[in-house]
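Here's the structure we're looking at; comments come further down.
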Amino acid sequence: MKSYRKELWFNVPTRRAFINITPHVEECLSESGVTEGLVLVNAMHITASVFINDDESGLHQDYEEWLEKLAPHEPVDQYRHNRTGEDNGDAHLKRQVMGREVVVAISEGKLDFGPWEQIFYGEFDGRRRKRVLVKIIGD
Ligand code: ZN
């Protein structure tokens with residue numbers, strides 16, 4: 001069995017953003033040489049997500065507005081977590097809703113997606129360097 005590990009680094013200039021990282025994961029898959037197996041992709045930070053959905057800008061705006069209704073960034077003093085001196089209480093909650101990781105099957109050397117599926121990095125407390133782990137196992 002082959003095993004492959006890589007960290008993808010991001011430095012999002014805004015507090016929040018959604019980035020399609022599918023091409024990066026496909027590059028990892030190509031480097032790994034695995035044609036049958038599994039790929040795990042997870043955010044390595046507790047204020048960011050990795051999730052799968054459609055690469056459609058209206059949907060991404062819907063996510064942004066929905067998450068902001070669920071856990072508004074302001075006022076920052078509404079979150080007990082921010083009593084630590086941070087201002088990212090909302091980002092921890094947004095990450096929980098959008099998830100930590102995805103697992104995708106690898107079949108015949110390709111990511112075995114359903115229709116329109118793409119992999120996204122969801123940033124909820126950006127403006128600093130953060131990582132995503134890609135782990136691939138298989139043959
Ligand atoms: Zn925090």
Problem - Heavy-atom side-chain contact between Val97 and Leu67 under 4.5 Å - result: yes
Problem - Hydrophobic cluster membership, Leu8 vs Tyr4, 4.5 Å side-chain cutoff - result: yes
Exercise for the section: Taking ring pair (Phe, Tyr, Trp, His ring centres under 6.0 Å) as the test, write out the residues that go with Phe51, two or more places apart. Expected result: Phe18, Tyr63, Phe120
Fill in the blank from the handout: salt bridge (Lys or Arg N to Asp or Glu O under 4.0 Å) filter on Glu31, not counting sequence neighbours, yields Lys6
Completion exercise
The remaining residues in the hydrophobic cluster of Leu93, counting side-chain heavy-atom contacts under 4.5 Å among Ile, Leu, Val, Met, Phe, Trp and Tyr, are Tyr79
Fill in the blank from the handout: Residues at least two apart in sequence or cross-chain that pass salt bridge (Lys or Arg N to Asp or Glu O under 4.0 Å) with Glu68, listed by chain then number, are Arg16, Lys94
Problem - side chain to side chain contact (heavy atoms under 4.5 Å, CB included) partners for Val76, two or more places apart - result: His73, Glu74, Asn82, Asp87
Exercise for the section: Report yes if the side chains of Leu59 and Asn53 come closer than 4.5 Å at any heavy-atom pair, otherwise no. Expected result: yes
Problem - Joint hydrophobic cluster, Phe124 plus Val12, side-chain heavy atoms closer than 4.5 Å - result: no
Exercise for the section: Starting from the C-alpha separation in whole Å, work towards a yes-or-no answer on side chain to side chain contact (heavy atoms under 4.5 Å, CB included) for Val39 and Cys28. Expected result: CA-CA 9 Å; Val39 55; Cys28 292; over 6 Å; no
Handout entry: Set of side-chain hydrogen bond (donor to acceptor under 3.5 Å, both in side chains) partners for Asn88, sequence neighbours left out
Key = His81, Glu86, His92, Asp125
Problem - Contacts of type salt bridge (Lys or Arg N to Asp or Glu O under 4.0 Å), residue Arg127, not counting sequence neighbours - result: none
Completion exercise
For Leu38 and Ala105, the nearest pair of non-hydrogen atoms, with its separation, is CD2-CA, 4.0 Å
Practice task
Indicate if Val132 and Ile19 have the same hydrophobic cluster label, given that clusters are the connected sets of ILVMFWY residues with side-chain heavy-atom separations under 4.5 angstrom.
Solution key: yes
Completion exercise
Residues passing the salt bridge (Lys or Arg N to Asp or Glu O under 4.0 Å) test with Lys130, sequence neighbours excluded, are Glu123
Exercise for the section: Treating Ile, Leu, Val, Met, Phe, Trp and Tyr as nodes and any side-chain heavy-atom pair under 4.5 angstrom as an edge, say whether Val102 and Ile21 lie in one connected cluster. Expected result: yes
Problem - Heavy-atom pair of closest approach, residues Pro72 and Asp90 - result: O-CB, 3.8 Å
Practice task
Please go through Met44's hydrophobic cluster and name the other residues, only I, L, V, M, F, W, Y counting, with side-chain heavy atoms under 4.5 Å joining them.
Solution key: Leu133
In residues 106-116, what donor-acceptor pairs under 3.5 Å come from side-chain atoms, sequence neighbours left out?
{"residue": "Ser107", "atom": "OG", "partner": "Asp112", "partner atom": "OD2", "Å": "2.6"}

Completion exercise
Quick note, salt bridge (Lys or Arg N to Asp or Glu O under 4.0 Å) partners involving residues 40-63, not counting sequence neighbours, are none
Practice task
Decide yes or no on side chain to side chain contact (heavy atoms under 4.5 Å, CB included) for Val41 and Glu101, but give the supporting numbers first.
Solution key: CA-CA 6 Å; Val41 187; Glu101 79 278 305; over 6 Å; no
Exercise for the section: Measure the CD-CE distance between Glu36 and Met1 for me, rounded to the nearest 0.5 Å. Expected result: 14.5 Å
Handout entry: side chain to side chain contact (heavy atoms under 4.5 Å, CB included) partners of Arg129, counting only residues at least two apart
Key = Trp9, Asn11
Problem - Crowding at CD, Glu26 (>12 non-hydrogen neighbours, <6.0 Å) - result: yes
Practice task
Could you check if a side-chain atom of Gln118 sits within less than 4.5 angstrom of a side-chain atom of Ile52, using non-hydrogen atoms only?
Solution key: no
Problem - Contact summary for Met98 and Ser49, nearest pair of heavy atoms - result: CB-OG, 3.3 Å
Exercise for the section: Compare all side-chain heavy atoms of Asp139 with those of Lys2 and state whether any distance is below 4.5 angstrom. Expected result: no
Handout entry: Worked verdict on Val104 versus Ile119 for side chain to side chain contact (heavy atoms under 4.5 Å, CB included)
Key = CA-CA 9 Å; Val104 181; Ile119 305 170; 4.2 Å; yes
